[in-house]
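As the structure is a prediction and not an experimental result, all values here were calculated from the model.
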Amino acid sequence: MTRYDPAANEPKWQAAWDAAGLFAAKADPGRPKYYVLEMFPYPSGRIHMGHVRNYTMGDVIARFHAAKGFSVLHPMGWDAFGLPAENAAAERGVHPAAWTYQNIADMRAQMKLLGLSLDWSREFATCDPEYYGQQQALFLDMLAAGLVTRKAAVVNWDPVDMTVLANEQVIDGKGWRSGAPVERRELTQWFFKISDWSEELLSALDGLEDWPEKVRLMQANWIGKSRGLQFAFETVGAPQGFDRLEVYTTRPDTLLGASFAAISPDHPLAKALEGDPKVAAFVADARRGGTSAEEIETAEKIGYDTGIRVKHPLDPTWELPVWIANFILMDYGTGAIFGCPAHDQRDFDFATKYRLPIPPVFVAEGAAEAVLAEAFVPMKSERVRFVRGFAGAGVQTGDEAVSAAIAHAEAQGYGKGVTKFRLRDWGLSRQRFWGAPIPVLHCPACGVVPERKENLPVRLPDDVTFDRPGNPLDWHPTWKHVACPACGAAAKRETDTMDTFVDSSWYFARFTAPHAGTPTDMGAADYWMTVDQYIGGVEHAILHLLYSRFFARAMVKTGHLPAKAAEPFAALFTQGMVTHEIYTSFEELALAPSGPTTYDGKGGVTVRPGTGNYRQRYHFPEDVEQTENGVVLRSTGEKLIVIPPAKMSKSKKNVVDPQAIVAQFGADTARWFMLSDSPPERDVEWTASGAEATAKHLSRVWRLADEAAKSEGPATPADGALAREVAKATRDVTAAITGFAFNKGIAALYALTNAVSRSDAGPQAKRTAFRAMAQLMAPFVPHLAEEVWAMCGGKGLVAAAPWPEVDPALLVEDVVTLPIQINGKRRSEVTVPKDMAAAEVERLVLADETVQKFLAGQPVKKLIVVPGRIVNVVA
RNA sequence: GCCCAGAUGGCGGAAUGGUAGACGCGCUGGUUUCAGGUACCAGUGCCGCAAGGCGUGGAGGUUCGAGUCCUCUUCUGGGCACCA
């Protein structure tokens with residue numbers, strides 16, 4: 001018996017596709033276009049199973065739309081700037097570019113094994129001078145259009161990587177790459193003014209109907225619109241220029257519960273007081289740690305009483321102390337608050353610690369006013385009784401009370417309603433080498449001067465070393481010393497480079513004209529944009545997608561994209577992770593007392609307390625073996641602890657290498673299995689048994705097709721039953737692909753295989769069925785599909801064949817089997833012609849022996865006949 | 001604390017309010033094979049010899065009929081948050 005040989009067939013068909021130029025995207029005004037894009041990879045050097053899953057999904061979508069007659073754009077590139085290249089450069093003494101381009105070459109070779117329908121002619125890396133040069137041009141246009149600004153900001157400073165970190169790059173108060181504790185520093189930085197677009201970016205989310213609801217919600221929360229009251233306290237005893245203290249509150253209904261005012265350590269007033277050494281010492285203390293709310297949350301609340309007082313707006317005789325407190329963020333609102341400890345837990349904690357009064361504004365309905373043990377924050381449904389009412393009070397708490405309080409403040413003239421957003425401007429400056437240089441100069445005479453466009457790209461130098469910390473651009477002997485483009489005087493280049501999120505915020509637009517002499521070509525962009533289907537990990541739900549949405553708008557404004565592309569991704573799909581079991585063992589260290597290891601059932605492994613020193617080891621799946629005894633290490637037979645599947649990670653060694661899988665089973669097996677076992681949005685567990693089963697199935701399909709291809713038989717007309725199975729599968733696979741339910745599409749293909757296998761139709765009818773199956777399989781397992789197509793007499797390449805249409809007549813059944821329920825329980829069934837009248841069905845049902853038996857003489861109260869579905873007898 | 005998503009056989013998962021468990025894995029029996037593997041056939045929610053009964057985290061409800069809709073609840077996963 002011959003077996004299917006992927007190793008021989010897959011390269012053959014890949015070469016055939018290449019020779020036919022099938023995947024080169026061509027702008028064809030006569031055809032509808034379809035732009036499918038997967039989030040491009042960082043060139044780490046190896047592809048992983050997550051890539052395989054991501055790109056296979058995109059490939060199914062791309063191949064399907066090509067077969068449906070669309071002009072498809074399905075490009076691939078490299079998100080190639082970033083810290084790992086610099087780390088590698090520092091460790092190995094290679095230039096980041098050399099390391100990056102070698103990785104790209106390696107990964108491209110691995111990816112090509114997968115048989116993806118990618119247009120490689122459009123490939124670029126963001127570290128190509130051609131790409132980042134256009135990015136610099138884009139930056140200059142945005143600068144001219146007022147979309148970029150330079151301002152001082154408190155930033156997270158990573159003292160090891162010597163760079164600014166975004167809040168989200170700070171994990172547990174430490175840099176996400178270096179692990180070093182983060183400090184807060186004030187630097188002058190370049191910013192994209194994304195916060196000007198808060199309202200637009202928020203409201204436009206409503207139109208993104210083909211985005212996951214979850215992602216839209218996460219973006220909405222991130223933008224964080226709130227309605228509140230802004231007002232100014234009159235100060236008493238404050239330094240010159242601080243007669244008033246502006247505060248913002250979303251809870252103006254609790255204004256009568258004020259007990260203190262507090263300002264951020266970064267507030268101008270705090271700075272004005274830093275002449276006092278005690279204040280300076282406190283502020284230094286409060287600034288320890290990162291700027292993220294999460295970081296600040298875990299820090300203990302500390303405060304310093306400035307001695308300044310403010311007058312309550314509703315009662316000038318009522319004075320509140322002004323504290324500097326570490327939990328107030330300068331970036332949100334005005335950097336100053338009034339504290340209402342009775343109805344805000346963190347204010348309560350603060351007031352308790354510093355023995356400040358805690359006056360309640362309201363209590364739960366029916367409750368007496370008592371000393372509070374914690375802040376009283378009523379639930380939405382809870383009714384309250386006001387104990388310190390004012391005009392506008394007396395209604396429910398919540399939005400109504402807030403609106404009433406704002407109206408009251410506006411009527412009395414002490415404040416006004418203000419809408420604030422949480423979203424902050426996007427700081428793009430990075431003090432790193434391996435990024436796109438920010439194309440501006442600092443001239444002693446002219447100040448900040450944009451580089452001239454004809455001088456772009458501002459290239460990174462080749463002669464750099466990484467043997468000392470900081471930014472190599474900054475201490476390069478010559479790079480930054482240039483003449484001012486405006487006056488010709490000696491000037492210095494900006495040595496900051498751009499955040500790598502900038503690179504990935506417009507690459508999708510560049511793919512439409514990857515070698516244009518301007519950032520985009522409007523003709524190409526007009527044809528291809530927007531991206532019809534974007535696919536990637538949910539980890540990019542906020543930043544990358546929000547930045548891209550901002551950039552697309554900025555590019556419309558600067559004339560680099562047509563207005564219709566302002567929302568760059570029409571549909572988004574976020575795929576689940578690839579997981580694998582983890583195999584671990586404990587190595588007992590010398591002199592340690594012995595004790596058993598245990599597994600807690602939740603993914604954690606613990607060594608029994610008090611048993612001494614162990615070193616935990618992880619083992620690669622390829623090094624372990626399943627035995628009757630459980631999972632053991634192949635080399636030693638040592639029994640291993642198996643931890644339930646988790647995301648593949650190098651540190652846990654629960655990884656499988658796609659290249660090895662392709663070598664063992666072929667690309668089609670990897671592709672099929674990645675899509676077959678779980679819905680695409682959920683995690684999928686990679687298992688060796690599942691991969692083997694997939695390979696067996698694909699081999700079976702090939703063998704059945706091979707048999708059909710080789711059998712001689714009468715030229716029977718197409719077998720009706722088999723044709724019906726093909727029609728059903730066509731309907732189901734089509735629906736599964738358009739509905740992003742690839743697992744169901746694969747189930748339909750299994751069902752069709754079984755149907756063909758069991759069918760007694762002649763070989764000719766079977767060959768017809770197999771050609772149809774090849775077409776349906778082609779998006780999932782394109783190589784095997786070509787093989788089956790060719791064996792069974794398909795003309796040309798199946799990859800170039802149109803998608804099969806369903807003949808609706810074939811899906812119509814002549815007779816239907818109706819289940820019969822008696823009082824809602826299934827008791828019998830009746831097979832009737834499809835169109836039988838309900839009255840006739842009723843007669844048949846009542847005559848049914850089983851029905852009579854279960855009725856046992858009871859009268860029938862009601863008889864429900866749902867045509868074509870079910871019959872329910874109510875007795 | 002708030003928001004979101006889930007909970008279905010031994011496992012992954014199917015199921016426009018209409019036969020719960022498609023399809024796959026695993027398992028059982030059989031055929032082929034010297035054997036292992038492969039391949040093929042049959043079976044496989046639970047209890048029960050059977051008739052039948054019970055079954056979609058739990059408790060109620062709506063309905064002729066609920067995995068699906070409503071209320072409450074438990075648990076799991078994810079997101080957000082000293083956001084004023």
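- Under the rule for a ring pair (Phe, Tyr, Trp, His ring centres under 6.0 Å), the partners of A/His544 that lie at least two apart in sequence or sit in another chain are A/Tyr534, A/His540.
- Rounding to whole angstrom units, NE2 of residue A/His540 and P of B/G79 are separated by 14 Å.
- For A/Ser259, the side-chain contact (heavy atoms from CB on, under 4.5 Å) partners are A/Pro341, A/Leu356, A/Pro357, A/Pro359, not counting sequence neighbours.
- At a threshold of 4.0 angstrom between heavy atoms, the contacts of A/Asp347 with the nucleic acid are absent.
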Please encode protein proximity along nucleotides 7-18 of chain B as a string of B, S and -, counting only heavy-atom distances under 4.0 Å. -----SSSSB-B
So what does the secondary structure string of RNA chain B come out as, 5' to 3', with Watson-Crick or wobble pairs under 3.5 angstrom, [ ] for crossing and | for pairs with another strand? (((((((..(((.....[....)))((((((.......))))))(((....)))..(((((..]....))))))))))))....
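- Among residues two or more places apart in sequence or in another chain, the salt bridge (Lys or Arg N to Asp or Glu O under 4.0 Å) test is passed with A/Lys728 by A/Glu725.
- Nucleotide B/A84 holds its P atom 15 Å from the CZ atom of A/Phe260, rounded to whole Å.
- Ring geometry for A/Trp686 against A/Phe673 counts as perpendicular: the plane angle is over 60°, on a 0 to 90° scale with 30° as the lower cut.
- With sequence neighbours left out, A/Glu681 forms a side-chain contact (heavy atoms from CB on, under 4.5 Å) with A/Phe573, A/Pro679.
- Distance noted for atom C1' between B/A7 and B/A20: 16 Å (whole Å).
- For A/His697, the ring pair (Phe, Tyr, Trp, His ring centres under 6.0 Å) partners two or more places apart in sequence, or in a different chain, are A/Trp672, A/Tyr750.
- Residues meeting the ring pair (Phe, Tyr, Trp, His ring centres under 6.0 Å) test with A/Phe780, sequence neighbours left out: none.
- Partners of A/Phe350 by ring pair (Phe, Tyr, Trp, His ring centres under 6.0 Å), not counting sequence neighbours, listed by chain and number: A/Phe260, A/Trp323, A/Phe327, A/Tyr354.
- When heavy atoms are screened at a 4.0 angstrom cut-off, A/Arg758 is found touching no nucleic acid atom at all.
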